[in-house]
Amino acid sequence: MNVVEKILGAHLVEGDPAKDSELGIRIDQTLTQDATGTMAYLQFESMGVSRVKNQLAVSYVDHNTVQIGYENADDHDFLASVARKYGIIYSKAGNGICHQLHLERFGKPGTTLLGSDSHTPTGGGIGQIAIGAGGIDIAVAMAGGAFHIPTPKVRAIRLKGRLRRGLSAKDVILKVLEKFGTKGNVGWIFEYTGPGVATLDVPSRATITNMGAELGVTTSIFPSDDVTRQFLTAQGRGKDFVRIEPDAGAKYDDEFTIDLGKLEPLAAAPHSPGNIETVASLKGMRVNQVMIGSCTNSSYRDIRTVAQIFKGRHVAEDVEVGIACGSRQVVNMLAADGSLAILIKAGCRILENACGFCIGAHMSPATNAVSLRTNNRNFEGRSGTKSAKVYLVSPETAAASALAGTVVASKGTTPVAAPKRFPVDDSMFLYRETAGKGVKGAAIVRGPNIAPVPKGVPLENGRKYVAAIKVGDKITTDHIMPAGARLKFRSNVPEYSKYVFEPCDAAFHDRCIANKDAGLANVIIAGESYGQGSSREHAALCPMYLGVKAVIAKSIERIHRANLINFGIIPLEFEDGADYDAIAEGDSLEFGDIRAAISGDGRVSVKCGKREIKAVARLSEREKRLVLCGGLLASL
Ligand code: MIC
Ligand code: SF4
C-alpha cells in the first residue's frame with residue numbers, strides 16, 4: 001500500500017474505494033481559524049451537541065487581528081467562550097498562524113485532520129491526511145460525523161537528488177504547479193516519495209504540501225520517517241511519532257519524477273500560482289515591496305535563512321520589506337540566536353505573527369507596484385491593490401532581491417540545521433485542561449457583529465430562474481467573496497453579502513435582491529475551474545442568502561463544490577462547454593422538473609430562449625439529499 005491507502009484505510013467509515021466514488025472518513029483532529037471559525041461554531045451550536053466528540057479540536061485566531069473597530073475583537077471573545085464551553089483548545093491572537101502552530105504542537109502522523117482553511121494540508125508535511133473544507137463540515141466532524149471525499153486517485157511525486165544552494169521547497173512546489181497547473185486536479189492526492197524525500201526537513205515538506213492547495217487536489221502528503229521523528233522529538237512530542245512509509249512496490253495511479261538537483265529558482269507570476277516563470281527570466285525587474293512569511297514560508301528554517309542572507313547588509317533603500325513569522329516559537333528562536341537583531345538592522349519591518357499581508361489585511365503595495373512574496377496566492381487584487389503585480393517566490397529569492405532592489409536569484413547560504421530542541425511555550429493555548437470535556441453551562445459571549453446563521457430552503461419545482469451574473473474562467477473565492485477590508489464581516493452574513501462579487505460586479509448584490517423580491521431564483525454562470533482557492537464557505541453561504549439556487553460552470557473546484565452543496569446550491573457543469581457562450585447575463589432560464597432531475601442522474605435540460613442547454617450535477621446520494629432539502633443545516 002502507499003501512504004494514502006494506509007491512513008485512509010484505517011479511517012474509512014463509509015464506502016469502498018474499489019467500488020464507490022465517495023468515501024466517508026473518520027476525522028481525528030479539527031482546526032478552525034477565526035475568519036471561518038465563527039460561522040463553523042455558530043453551525044456547531046445549532047447542532048445541539050454538548051461538547052466536541054473528535055480527539056482534538058483547536059480554534060486559532062490568526063486572520064482577523066488588525067482590530068480596526070470592535071468586530072474582530074468581538075469575534076475573538078465569541079470564539080474563546082465557545083472553546084471553553086465545548087472543550088476546544090483556543091489559540092489566542094499573537095500565538096501564530098494556525099498551520100504553522102498545528103504542525104509544531106499537535107499534528108500527528110497517521111491521523112486525519114480537517115480544517116476550515118484550504119491550507120490545512122500543511123499537516124501532510126508530518127504524514128497526516130490533512131484536508132481543507134468549509135466550516136460546516138468541520139462542525140459535523142466536531143460533532144463526531146464523518147467527512148466525505150471523492151475516492152482519490154494517488155499520484156506519486158518521486159523526488160531524487162538534493163536541492164542546490166539558493167533553492168528551497170518553494171521551488172519544488174512551483175515546479176509541481178508548472179507541471180500540473182491550478183485546474184484539472186480535483187480528486188487527486190499527491191504523495192511525495194523517493195530518495196529525495198529524506199533530504200527535506202519537516203518545514204520544507206510542509207511548504208510543499210501547504211501549497212498543494214493551489215493545485216486543487218484533495219491533499220498532499222509526505223511519509224513519516226526518521227526526519228519526522230527528529231522533528232517531533234525536538235518539539236518534545238517524540239511519543240506522537242509513528243512510521244508510515246509506502247510498502248515496496250506500492251501502486252500509484254500516476255507518477256512524476258523531479259530531480260531536485262536540476263531545479264532552478266522559480267516564481268509564480270501575476271495573477272495565478274500556476275503561472276510559473278524562472279527567476280532568471282525576471283532578472284533585473286525592479287521590486288517595490290518584499291513580504292516574507294505566511295503559512296507557506298514562515299518557519300524558523302525560512303526566516304533564519306533570510307537573516308543569514310541579510311547579515312551585515314541593508315535592504316535596498318527604495319524597497320519595503322516586511323517579515324511575519326509563523327509562530328511565537330519562531331520569533332523566540334530568532335530572538336535568541338540574534339536573527340531578529342539582524343533583520344531589524346537590515347531595515348525590515350517586523351510584522352505580527354499572523355496572516356496579515358497574505359490575505360490583504362494590511363501592507364497593500366502601491367499602485368502598479370511589484371511585490372515579491374513568499375505566500376501561496378497571487379490572485380488579482382488579493383494584496384488589496386488591484387494594479388499591483390505579485391510574484392510568489394522562495395524566501396531565498398525574496399531576500400536576495402530585497403537587497404538588490406531588483407529580482408535576482410540567491411547564491412544561497414549555509415543550510416539551517418534542523419534544531420535539536422525547539423523552545424516550547426504553550427501558554428497562549430487556552431483551555432487545555434478542559435479540552436474534549438468543556439464547561440457545562442458556560443456562557444457564550446455574543447457581540448453585535450455575531451449574526452444568526454441563515455438556513456437554506458428546499459428546492460422547489462416551477463420556480464423561474466435568471467442568469468444573475470456571467471463570469472469567466474478561474475474565478476476564485478477571493479472574487480466571489482473578497483477578504484481584506486471586508487473580512488471583518490465574516491460573522492455577519494447579511495452585511496457580508498453586500499460584497500458578493502464586489503471585484504467583478506459591485507451591483508450584483510442589489511440585482512440579486514431585486515430578483516429575489518420579484519420571486520426569481522438567481523443563477524451564476526461561470527467558466528473553467530470556478531471557486532478556486534480558499535475554503536471560505538461564505539462564497540456559497542452569502543450567495544445562498546442572496547437567493548442563488550444554482551451555478552452552471554464549465555468546471556467547479558472541490559472545496560467550493562462541497563460548500564455549494566452544503567448550502568443547497570446546485571453545482572451544475574455544462575455537458576458541452578460551448579453552451580457557455582449561449583447564455584447571457586439577464587437571460588431567463590427554465591429548469592423543468594428539477595427535483596426529479598436531482599433525485600435521478602443529475603442531468604438537467606435548461607431552457608434558455610429557444611435553446612436547450614444540457615448540464616449535469618454529478619451527486620452522490622448524500623449530496624442529492626442535501627441539495628433537495630436546502631443544505632446541511634436545513635437537513636438536521
Ligand atoms: C486564504 O488563504 O485564502 C484564507 C483566507 O486562509 C482562506 C480561508 C478564509 O477565507 O477564511 C483559505 O485558504 O481557506
Ligand atoms: Fe493565512 Fe495566508 Fe495561510 Fe490563508 S494562506 S491561512 S491567509 S497565511
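Just follow the structure's listing: the first ligand is 1, and inside any ligand the first atom is 1. Along the sequence shown, residues are numbered consecutively beginning with 1.
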Ligand-side contact atoms (ligand 1) for residue partner Ser535, heavy atom cut-off under 4.0 Å: 12 (C), 14 (O)
Identity and distance of the protein heavy atom lying nearest atom 8 (C) of ligand 1: Gln33 NE2, 3.2 Å
Within-shell test, Asn375 vs ligand 2, heavy atom, strictly < 4.0 Å: no
Minimum non-hydrogen distance to atom 11 (O) of ligand 1, winning option of Arg490, His538, Arg536, Arg382: Arg490
Short N or O distance, Asp478 and ligand 1, threshold 3.5 Å exclusive: no
Heavy-atom closest contact (Pro543 atom, Ile569 atom, distance): CB-CD1, 4.3 Å
Per atom 13 (O) of ligand 1, closest listed option by heavy atom (Cys295, Ser118, Gly484, Gly360): Ser118
Charged N-O contact under 4.0 Å between Arg490 and Asp75: no
Nearest-neighbour protein heavy atom for atom 2 (Fe) of ligand 2, which is reported as residue plus atom name and distance: Cys358 SG, 2.3 Å
Numbered atoms and elements of ligand 1 in range of Thr36, under 4.0 angstrom, heavy atoms: 9 (C), 11 (O)
4.0 Å heavy-atom contact, His99 with ligand 2: yes
Side chain, backbone, both or neither: the part of Asp117 lying under 4.0 Å from ligand 1 by heavy atom: both
Ring-ring centroid check Tyr41 Tyr86, cutoff 6.0 Å: no
Student check: side-chain heavy atoms of Tyr192 and Val176 closer than 4.5 Å: yes
Interfacing atoms of ligand 2 (cut-off 4.0 Å, heavy-atom, Ile359): 7 (S)
Protein contact to atom 7 (C) of ligand 1 [nearest heavy atom, distance to 0.1 Å]: Ser534 CB, 3.2 Å
Lys NZ or Arg CZ of Arg486 over Tyr499 ring: under 6.0 Å, within 45°: yes
Atom 8 (S) of ligand 2 - nearest protein heavy atom and its distance: Cys295 N, 3.3 Å
Close approach, Met481 and ligand 1, non-hydrogen under 4.0 angstrom: no
Minimal non-hydrogen separation, Val330 against Cys325, with atom names: CG1-CB, 3.8 Å
Under-4.0 Å heavy-atom contact with ligand 2, by part of His63 that carries it: side chain
Geometric N/O contact Asn376 with ligand 1, under 3.5 angstrom: no
Side chain, backbone, both or neither: the part of Asp62 lying under 4.0 Å from ligand 2 by heavy atom: neither
Electrostatic pair Glu380-Lys389, nearest N-O below 4.0 angstrom: no
Flag side-chain contact, heavy atom, 4.5 Å: Leu392 against Met211: yes
For Asn376, atoms of ligand 2 separated by under 4.0 Å from a heavy atom: 5 (S)
Those atoms of ligand 1 less than 4.0 Å from some heavy atom in His63: 4 (C), 5 (C), 6 (O)
Ion pair Glu214/Arg377, N-O distance below 4.0 Å: yes
Glu191 bridged to Arg205 by N-O distance under 4.0 Å: no
Protein contact to atom 1 (C) of ligand 1 [nearest heavy atom, distance to 0.1 Å]: Arg377 NH1, 3.3 Å
For atom 1 (Fe) of ligand 2, closest protein heavy-atom neighbour: Cys355 SG, 2.3 Å
Reference residue His538; test ring pair (Phe, Tyr, Trp, His ring centres under 6.0 Å); the match among Tyr496, Tyr545, Phe567: Tyr496
Check: Glu396/Ser410 side-chain N/O donor and acceptor closer than 3.5 Å: no
Per-atom contacts, ligand 2 versus Asp117 - under 4.0 Å to a heavy atom: 6 (S)
Contact check, side chains of Glu537 and Gln43, non-hydrogen atoms, under 4.5 Å: yes
Numbered atoms of ligand 1 (with element) below 4.0 Å of Ile359, judged on heavy atoms: 5 (C)
Those atoms of ligand 1 less than 4.0 Å from some heavy atom in Ala35: 11 (O)
Whether Trp188 and Phe190 hold their rings parallel, tilted or perpendicular, with breakpoints at 30° and 60°: perpendicular
